[in-house]
Amino acid sequence: MKRTHRVQPGDWLGSIAARYGFEHGSALWEHPVNAQLRELRSSPDLLMVGDEVTLPGDDDPAGIEVASGQRVRFKIRPDDVLRLRLGGVVPFIAVFGPVPYSLTIGDRTFEGELGPDSEGALEVPLRPGDDKATLTLMHSTTYELSIGGLGPVEESKGAHARLINLGFGDPGTGDADEAGDATPSGDQAGDPLSLALRAFQRREGLEVDGVLQPPTAEALKERYGG
């Protein structure tokens with residue numbers, strides 16, 4: 001019988017891999033036993049609470065089969081990085097110049113500046129046990145971040161997290177589960193998710209209804225980069 005791990009809040013693929021003795025999250029994600037999971041989630045960064053990650057056994061083949069004479073192109077994915085996109089700082093940078101940042105994860109601190117060419121994005125390596133980070137902007141404004149569980153853009157929690165990271169909403173308003181589920185059948189105009197959706201739709205020239213319809217989800221995915 002295959003062993004599986006059911007994703008819990010705060011889990012990310014690197015932490016799951018470390019828990020079961022695998023060196024990198026890609027050892028689980030790219031293994032054939034998780035083909036169904038890859039079909040369900042287009043990226044290992046989009047695991048949802050409740051997803052099941054299959055743990056390969058010693059008798060499971062570690063590669064993929066390719067027909068003789070067939071040419072195959074592989075794309076190598078960097079292992080275990082934290083990507084942040086802070087869209088809300090982009091207008092500030094355009095007017096006032098680069099924004100200094102400090103990002104602390106465990107016993108490591110990464111410092112730098114978000115300049116005009118950064119589009120508010122930064123990327124740092126992760127270790128298997130990392131689950132929280134502290135981001136400080138302009139030496140004064142601090143945000144506490146949880147690592148893992150971004151979720152698909154088509155679902156309310158994943159959409160809300162992206163909107164907050166892009167600057168459409170207050171990080172202190174909680175996640176989409178607390179804010180209400182903005183769906184075609186139930187728009188709650190005053191909840192934080194709907195307010196953030198309206199702000200995003202207005203900026204993107206979409207119909208402003210505060211509802212997570214496919215056109216809004218696609219625009220958000222394109223703007224966020226995944």
Side-chain angles (χ1 to χ4, degrees), residues 1-85 103-108 110 121-135 144-162 164-165 175-177 181 217-218 220-222 224-226:
M1 181 177 180
K2 295 289 186 186
R3 292 190 304 157
T4 61
H5 173 86
R6 186 176 294 274
V7 176
Q8 304 297 317
D11 280 351
W12 55 282
L13 207 60
S15 66
I16 296 171
R19 185 178 307 175
Y20 295 101
F22 296 91
E23 186 175 0
H24 296 294
S26 59
L28 297 178
W29 178 255
E30 296 169 2
H31 200 284
V33 296
N34 281 305
Q36 186 174 353
L37 180 63
R38 292 195 300 273
E39 290 182 8
L40 178 65
R41 308 297 182 206
S42 60
S43 166
D45 301 322
L46 303 182
L47 295 182
M48 292 285 290
V49 171
D51 285 347
E52 289 194 348
V53 179
T54 301
L55 308 173
D58 294 337
D59 57 342
D60 289 311
I64 61 172
E65 294 185 1
V66 179
S68 177
Q70 181 178 351
R71 179 175 295 180
V72 178
R73 176 175 295 178
F74 294 94
K75 182 178 180 181
I76 298 176
R77 175 182 177 272
D79 279 308
D80 304 340
V81 296
L82 174 64
R83 300 176 181 89
L84 296 177
R85 186 181 296 271
L103 181 66
T104 299
I105 307 176
D107 59 357
R108 297 168 298 150
F110 305 89
L122 61 94
E123 183 175 297
V124 298
L126 286 175
R127 292 174 177 170
D130 295 335
D131 59 357
K132 296 185 182 301
T134 300
L135 174 67
E144 299 297 330
L145 310 175
S146 295
I147 297 172
L150 180 63
V153 68
E154 297 83 4
E155 301 190 17
S156 58
K157 188 171 183 178
H160 198 203
R162 287 169 175 79
I164 289 174
N165 288 345
D175 64 27
D177 291 339
D181 196 2
E218 284 300 316
L220 180 55
K221 183 177 182 179
E222 182 177 353
Y224 195 82

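The backbone N or O of Val33 lies less than 3.5 Å from a partner atom in the side chain of His31, making a donor-acceptor pair. Here the side chain of Arg6 pairs a donor or acceptor atom with the backbone of Gly50 at under 3.5 angstrom.
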Exercise. Does the pair Leu145 and Leu84 meet the rule for a side-chain contact (heavy atoms from CB on, under 4.5 Å), with working shown?
Worked result: CA-CA 10 Å; Leu145 310 175; Leu84 296 177; 3.8 Å; yes
For this session: Dump the intermediate steps for side-chain contact (heavy atoms from CB on, under 4.5 Å) on Leu47 and Leu37, then the final yes or no.
Result: CA-CA 9 Å; Leu47 295 182; Leu37 180 63; 4.0 Å; yes
Exercise. Would Phe110 and Leu122 satisfy side-chain contact (heavy atoms from CB on, under 4.5 Å), going step by step from the backbone distance to the final call?
Worked result: CA-CA 10 Å; Phe110 305 89; Leu122 61 94; over 6 Å; no
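A distance of 12.5 Å separates NE2 in His24 from CG in Leu126, rounded to the nearest 0.5 Å. Between the NZ atom in Lys157 and the CZ atom in Arg162 there is a gap of 12.5 Å [rounded to 0.5 Å]. Here Asp51 contributes atom CG and Leu13 contributes atom CG; the two are 10.5 Å apart, rounded to the nearest 0.5 Å. Separation of atoms NZ (Lys132) and OG1 (Thr104) is listed at 14.5 Å; rounding is to 0.5 Å. Rounded to the nearest 0.5 angstrom, Leu28 CG and His5 NE2 are separated by 10.0 Å.
Inter-residue side-chain proximity for Leu103 and Leu82 is flagged as met; some heavy-atom pair is nearer than 4.5 Å.
Of all heavy-atom pairs spanning Arg127 and Asp107, the tightest one is NH1-OD1, 3.1 Å. Nearest heavy-atom pair, Trp29 versus Arg38, reported as atom, atom and distance to 0.1 Å: O-NH1, 2.6 Å. Taking each heavy atom of Arg108 and Pro125 in turn, the nearest pair found is NH1-O, 3.4 Å. Closest heavy-atom contact between Ala217 and Val153: O-CG2, 3.7 Å. Closest approach of Asp11 to Arg19, counting heavy atoms only: OD1-NH2, 3.3 Å. Taking all atoms of both residues into account, the shortest heavy-atom contact from Gln8 to Val49 is C-CG2, 4.0 Å.
Taking the side chain to side chain donor-acceptor pair (under 3.5 Å) definition, one finds that Ser42 meets it with nothing, sequence neighbours left out. Scanning for side chain to side chain donor-acceptor pair (under 3.5 Å) contacts around Asn34 gives an empty result, with sequence neighbours left out.
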